[in-house]
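First up is the structure itself, then whatever we jot down about it.
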Amino acid sequence: MSTEPRINDRIRVPEVRLVGPNGEQVGIVSIQDALRLAQEQDLDLVEVAATARPPVVKVMDYGKYKYESALKAREARKNQAHTVIKEMKLRPKIDPHDYETKKGHVVRFLKAGDKVKITIMFRGREQSRPELGRRLLSKLAEDVAELGFVEFAPKQDGRNMIMVLGPHKKKTEAMAEARAAKEQRKAGGSAVEAEASQAAVEPEESVEPAESVESVESAPAAEPIAAEAAEATETVEEEQS
């Protein structure tokens, strides 16, 4: 069955309670008058309360109404927080390196606002030593105490031992922080690109040309040349005398 409201000619009742485009109450009118008023304003007649007696209809732009409703529904889905239970499996005699890796995953899950189900798997003779599993679960709970708490205490379940960790942070808060961090990274990247673009278009600083080496070195040489010319003049005068 369609959930779309009836509009315009699909509304088949003799009378309706009419609401204007700005929310004003027009009153009970015939369906023909309501359709005429909607057509005069180049809008649609939309049934908003079909179970009322008479049904309530409103004059509106139905295409714009559907678009805005879709945007609101999308925003509502974005802000919805679905509780997710992640699972992490460990062995009682897990290697220290593997333990750190598994703990890293648990930390990531708790930061995202998800619950984590920790399962210790016993094999063979390990089933006779459940204290190994409890000790490992207690260590893990202490290591992630800043991010989560023990929501379900360790309990033996056949060959497995189970514990559930709950996050201190709500899912909605974690999602909001993640979006804020993403926007901040995006803004930082845009600022770096803007600075790079500005540096690329700025003209290089003009460098004044250095003084000519030739002119600087030729200046002191003028005195010896003048002295030689003076000596030559004196020699000529002496010979004439």
Side-chain angles (χ1 to χ4, degrees), residues 1-13 16-27 29 31 34-35 37-88 104-118 144-152 164-198:
M1 184 179 294
S2 176
T3 58
E4 294 285 334
R6 294 187 296 181
I7 64 172
N8 299 327
D9 295 336
R10 295 181 182 178
I11 305 173
R12 300 173 186 240
V13 291
V16 292
R17 185 178 297 275
L18 182 62
V19 179
N22 298 319
E24 65 275 14
Q25 297 290 333
V26 178
V29 299
I31 186 63
L35 286 171
L37 290 173
Q39 291 172 357
E40 288 176 355
Q41 300 181 63
D42 197 20
L43 294 173
D44 300 302
L45 189 66
V46 182
E47 189 177 53
V48 295
T51 58
R53 290 293 177 269
V56 180
V57 296
K58 184 176 181 180
V59 177
M60 67 172 74
D61 185 341
Y62 186 59
K64 181 180 178 181
Y65 168 76
K66 287 187 65 176
Y67 175 74
E68 293 177 348
S69 298
L71 286 182
K72 290 179 181 178
R74 188 184 310 166
E75 190 67 23
R77 288 193 300 269
K78 186 188 299 183
N79 294 329
Q80 282 181 347
H82 300 283
T83 301
V84 179
I85 299 180
K86 305 288 187 178
E87 183 174 14
M88 189 61 57
H105 292 311
V106 174
V107 167
R108 179 163 54 86
F109 295 148
L110 292 175
K111 283 184 176 179
D114 296 322
K115 296 182 180 181
V116 187
K117 176 183 176 183
I118 311 297
V144 299
E146 294 183 358
L147 299 172
F149 61 95
V150 178
E151 186 174 283
F152 184 81
V164 177
L165 295 174
H168 291 311
K169 191 181 301 181
K170 293 182 179 179
K171 184 71 174 180
T172 52
E173 296 176 0
M175 292 172 61
E177 290 183 2
R179 286 196 296 268
K182 183 178 179 180
E183 293 296 330
Q184 187 175 2
R185 289 194 300 269
K186 187 184 296 184
S190 301
V192 172
E193 292 178 359
E195 291 179 0
S197 301
Q198 184 176 1

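Quick caveat: nothing in here was measured; it's all calculated off a predicted structure. The residues of the chain are indexed from 1 along the displayed sequence.
Rounded to the nearest 0.5 angstrom, K115 NZ and K86 NZ are separated by 14.0 Å. A distance of 12.5 Å separates CG of L165 from NZ of K117, quoted to the nearest 0.5 Å. Within the model, atoms NZ of K58 and CZ of R17 stand 15.5 Å from one another, a figure rounded to the nearest 0.5 Å.
You'll find the side chain of V48 reaches within 4.5 Å of the side chain of M60, heavy atoms only. By the 4.5 Å heavy-atom criterion applied to side chains, E146 and H168 are not counted as neighbours. Annotation: side chain of L110 is in contact with side chain of V116 (closest heavy-atom distance under 4.5 Å). In this structure, E87 and F109 have side chains that are not in contact, with every pair of non-hydrogen atoms separated by 4.5 Å or more. The closest side-chain heavy-atom distance from V26 to V19 is not below 4.5 Å. Looking at R74 and L71, their side chains come closer than 4.5 Å, going by heavy atoms from C-beta outward.
The two residues P5 and Y62 make their nearest non-hydrogen contact at CD-OH, 3.4 Å. Closest approach of L18 and A34 over heavy atoms only: CD1-CB, 4.2 Å. Of all non-hydrogen atoms in P21 and Q41, the two that sit nearest each other are CG-OE1, 3.4 Å. Heavy-atom minimum distance, L45 versus V57: CD1-CG2, 3.7 Å.
Residue pairs satisfying the salt bridge (charged side-chain N to carboxylate O under 4.0 Å, His left out) criterion with at least one member in residues 43-54, sequence neighbours excluded, are listed as follows: R6-E47.
None of V106, V150, V164 except one satisfies the side chain to side chain contact (heavy atoms under 4.5 Å, CB included) rule with I118; the exception is V106.
No more than 12 heavy atoms of other residues, nucleotides or ligands sit less than 6.0 Å from atom OH of Y67. For R10, the CZ atom counts as loosely surrounded, since its 6.0 Å shell holds 12 or fewer non-hydrogen atoms of other residues, nucleotides or ligands.
Formation of a donor-acceptor pair under 3.5 Å by the N22 side chain with backbone atoms of E24 is not found in this model. Of the possible donor and acceptor atoms, none in the side chain of D61 sits under 3.5 Å from a partner among the backbone N and O of L43.
Not a single side chain to side chain donor-acceptor pair (under 3.5 Å) links E183 to another residue, sequence neighbours left out.
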